[in-house]
*Asks:* 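Here's a structure for you.
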Amino acid sequence: MPARKTLRLATFNVNGIGTRLPHLLAWLEREQPDIVALQELKALDEAFPVGALEEAGYGAIWQGQRSWNGVALLARGSVPVESRRGLPGDGEDTQSRYLEAAVHGIVVACLYLPNGNPQPGPKFDYKLAWMERLITHTRGLVDLPHPVALIGDFNVIPTDADVYDPKSWRKDALLQPEVREAFERLLAQGWTDALRKLHPDETIYTFWDYFRQHFQRDRGLRIDHLLLNPPLAKRLRAAGVDRWVRALEKPSDHAPTWIEVTAPAAPRKRAKAD
DNA sequence: ATGACGGTGTCGCACCGA
């Protein structure tokens, strides 16, 4: 593959890899992302379409689970080199929500943060505990000298500007003060919210629920995020949402969300020993 | 206060998501 000046990283909650494979392949073909994080595979490991993705030019690693959750990382023209499977901090946690790998010179964490509804309740407690585990783990990632990205479905509406009607969502787990505060603490480690950084005043949505024609009426949420450590944030050039995927027949409720960065220098070849 | 839509498997109901 010829060297490229830029890399495109994207996150896409597919809401069922089995049902959504045709959309995924059409999107890969049209947009040619270099690094892709997928969430909500809703499939066992053995049902992951590794062959179809290989034919499309992508190597993959994945962490499946029956019916729910499930995450994967794809790399155009290579295979992600796995560095972590599962978020540390709770040996009892069996939900497939975190996968981390080196891809095209970037450490990429693909995450599917718990939804947390209904709140209050055990699911909300699990969400908050998961966020604390994430914050603990990412402390060791943000200051690395090389590029690092945390990308995925965070299930966090960061501010009221990120939801079409804050009032109708005010009891929802996605915008509770404790959740927003935890997200703020994560960012305060030194992560850049890429979409917001490049489009500070724009209304940006990445999710529209299936009810009441919310996509057609553009009543959405911004909950899929790409967070960049300082070495990667310096390389940020563009960001957007591939809304056309949400407009297809039988779509996921999320749209692919992407950034473009200046490609890190190719790893220097080691001087030949003599 | 509820449910709307859509995915999954236990498969036409129940559960989950956001």
Side-chain angles (χ1 to χ4, degrees), chain A residues 11-25 27 37-49 62-72 93-98 110-131 134 151-180 182-183 195 203-225 241 243 245-257:
Chain A
T11 179
F12 183 20
N13 179 321
V14 293
N15 190 15
I17 187 71
T19 302
R20 220 67 64 201
L21 183 60
H23 286 192
L24 175 61
L25 294 173
W27 171 68
L38 302 178
Q39 304 86 33
E40 281 209 87
L41 302 178
K42 295 186 172 181
L44 293 168
D45 277 339
E46 49 267 41
F48 188 80
W62 59 96
Q63 183 191 34
Q65 185 178 334
R66 184 186 292 281
S67 302
W68 297 300
N69 309 320
V71 287
D93 188 356
T94 57
Q95 300 191 26
S96 295
R97 295 181 175 276
Y98 188 91
C110 166
L111 62 96
Y112 176 44
L113 208 146
N115 170 302
N117 281 306
Q119 74 81 29
K123 293 188 175 182
F124 191 64
D125 296 341
Y126 174 67
K127 176 177 195 158
L128 293 177
W130 205 94
M131 294 186 85
L134 180 66
I151 71 181
D153 177 357
F154 281 69
N155 274 315
V156 175
I157 300 169
T159 73
D160 283 356
D162 300 307
V163 47
Y164 65 91
D165 178 14
K167 279 204 298 290
S168 69
W169 286 78
R170 86 181 178 285
K171 292 187 176 171
D172 195 277
L174 276 58
L175 48 55
Q176 291 312 299
E178 307 96 298
V179 168
R180 285 181 166 171
F183 187 72
L195 275 279
T203 298
I204 307 167
Y205 299 138
T206 66
F207 166 91
W208 300 258
D209 69 32
Y210 292 120
F211 308 133
R212 293 165 296 204
Q213 297 198 294
H214 273 171
F215 179 66
Q216 290 81 347
R217 297 158 61 202
D218 199 23
R219 295 167 77 80
L221 315 175
R222 188 173 75 96
I223 55 177
D224 300 276
H225 304 302
V241 179
R243 295 170 63 110
V245 180
R246 182 64 178 81
L248 296 171
E249 288 290 313
K250 290 284 191 178
S252 166
D253 36 11
H254 296 251
T257 304

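The figures that follow rest on heavy atoms only: side chains count, while hydrogens, waters and symmetry mates do not. Computed from a predicted structure; not experimentally measured.
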*Asks:* Rounded to whole Å, please give me the gap between NZ in Lys250(A) and C1' in dG7(B).
*Replies:*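 The answer, rounded to whole Å, is 9 Å.
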*Asks:* Starting from P on dC5(B), measure out to CD on Gln216(A) and report it in whole angstrom.
*Replies:*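 Going from Gln216(A) (CD) to dC5(B) (P), I get 12 Å.
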*Asks:* Would you say Ile17(A) and Trp62(A) make side-chain contact, with heavy atoms under 4.5 Å?
*Replies:*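 When only atoms from C-beta onward are counted, Trp62(A) and Ile17(A) do not touch, as no gap falls below 4.5 Å.
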*Asks:* For Arg212(A) and dT2(B), what is the distance between atoms CZ and P respectively, to the nearest whole Å?
*Replies:*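 After rounding, the gap between these two atoms is 15 Å.
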*Asks:* Could you check which of dT8(B), dG17(B), dG3(B) has an atom nearest any side-chain atom of Thr19(A)?
*Replies:*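 The closest nucleotide is dT8(B).
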*Asks:* For dC16(B) versus dT10(B), give the span between their P atoms, rounded off to a whole number of Å.
*Replies:*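 Nearest-Å result for dC16(B) against dT10(B) at atom P: 15 Å.
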*Asks:* Choose from dT8(B), dG17(B), dG3(B) the nucleotide whose nearest atom is closest to any side-chain atom of Lys123(A).
*Replies:*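 Of the options given, the side chain of Lys123(A) lies nearest dG17(B).
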*Asks:* What is the distance from CG of Leu113(A) to P of dC16(B), rounded to the nearest Å?
*Replies:*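 Rounded to the whole Å, the gap is 18 Å.
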*Asks:* Measuring only between side-chain heavy atoms, which start at C-beta, is Tyr98(A) closer than 4.5 Å to Leu134(A)?
*Replies:*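 Result yes, sub-4.5 Å side-chain heavy-atom pair found.
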*Asks:* Rounding to an integer number of angstrom, what distance separates dC13(B) and dT2(B) when you compare their P atoms?
*Replies:*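 Pairwise P distance, dC13(B) against dT2(B), rounds to 23 Å.
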*Asks:* For a 4.5 angstrom cut-off between non-hydrogen side-chain atoms, does Ser168(A) reach Tyr164(A)?
*Replies:*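 Yes - at least one pair of side-chain heavy atoms lies under 4.5 Å apart.
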*Asks:* So is the aromatic ring of Tyr210(A) stacked onto the base of dG6(B), judging by whether the centres are under 5.5 Å apart and the planes are under 30° apart?
*Replies:*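 Tyr210(A) vs dG6(B): stacking no.
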*Asks:* Starting from C1' on dG3(B), measure out to CH2 on Trp169(A) and report it in whole angstrom.
*Replies:*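 Distance, rounded to whole Å: 13 Å.
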*Asks:* What is the distance, rounded to the nearest whole Å, between atom CZ of Phe215(A) and atom P of dA4(B)?
*Replies:*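 Taking CZ of Phe215(A) and P of dA4(B), I get 23 Å after rounding.
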*Asks:* Could you tell me how far dG6(B) sits from dG12(B) if I compare only their C1' atoms? Round to whole Å.
*Replies:*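 The answer is 14 Å between these two C1' atoms.
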*Asks:* Indicate yes or no: at least one non-hydrogen side-chain atom of Phe207(A) is less than 4.5 angstrom from one of Asp253(A).
*Replies:*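 Yes; the side chains approach each other to less than 4.5 Å.
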*Asks:* Just call it for Ile223(A): base, sugar-phosphate, or nothing, with non-hydrogen atoms closer than 4.0 Å on any strand.
*Replies:*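 Sugar-phosphate only.
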*Asks:* Is there side-chain contact between Asn117(A) and Leu174(A), with at least one heavy-atom pair below 4.5 Å?
*Replies:*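 Side chain of Asn117(A) against side chain of Leu174(A), heavy atoms only: contact under 4.5 Å found.
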*Asks:* Within the pair Arg66(A) and dT8(B), is there a side-chain N or O less than 4.0 Å away from OP1 or OP2?
*Replies:*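 No, because none of the side-chain N or O atoms of Arg66(A) sits under 4.0 Å from OP1 or OP2 of dT8(B).
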*Asks:* Hey, does Asp172(A) reach any base, or is it just sugar-phosphate, or nothing, if we go heavy atoms under 4.0 Å?
*Replies:*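 The residue Asp172(A) makes no contact with any strand.
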*Asks:* Select base, sugar-phosphate, or nothing to describe what Tyr112(A) touches, counting heavy atoms under 4.0 Å on all strands.
*Replies:*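 Tyr112(A): backbone/sugar contact only, no base atoms under 4.0 Å.
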*Asks:* Remember a base hit wins even if backbone is also touched, and classify Asn69(A) as base, sugar-phosphate or nothing at under 4.0 Å, heavy atoms.
*Replies:*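 If one applies the 4.0 Å heavy-atom cut-off, Asn69(A) turns out to touch nothing in the nucleic acid.
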*Asks:* If you assign Gly116(A) and Leu44(A) each to the DNA chain B nucleotide with the nearest heavy atom, which residue ends up on the more 5' nucleotide?
*Replies:*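 The answer here is Leu44(A).
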*Asks:* CG of Leu41(A) versus C1' of dC16(B): gap in Å, rounded?
*Replies:*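 In whole Å, dC16(B) C1' lies 16 Å from Leu41(A) CG.
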*Asks:* Would you check if Lys123(A) and Pro114(A) make a side-chain contact, meaning some heavy-atom pair closer than 4.5 Å?
*Replies:*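 Not in contact.
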*Asks:* Say we look at dA1(B) and dC5(B): how far apart would their P atoms be, to the nearest angstrom?
*Replies:*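 So the two P atoms sit 22 Å from each other.
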*Asks:* Considering heavy-atom distances to DNA chain B, does Asn15(A) or Asp253(A) have its closest nucleotide positioned more toward the 5' end?
*Replies:*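 Residue closer to the 5' terminus by nearest nucleotide: Asn15(A).
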*Asks:* What is the distance from CD of Glu249(A) to P of dG6(B), rounded to the nearest Å?
*Replies:*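 Answer to the nearest Å: 10 Å.
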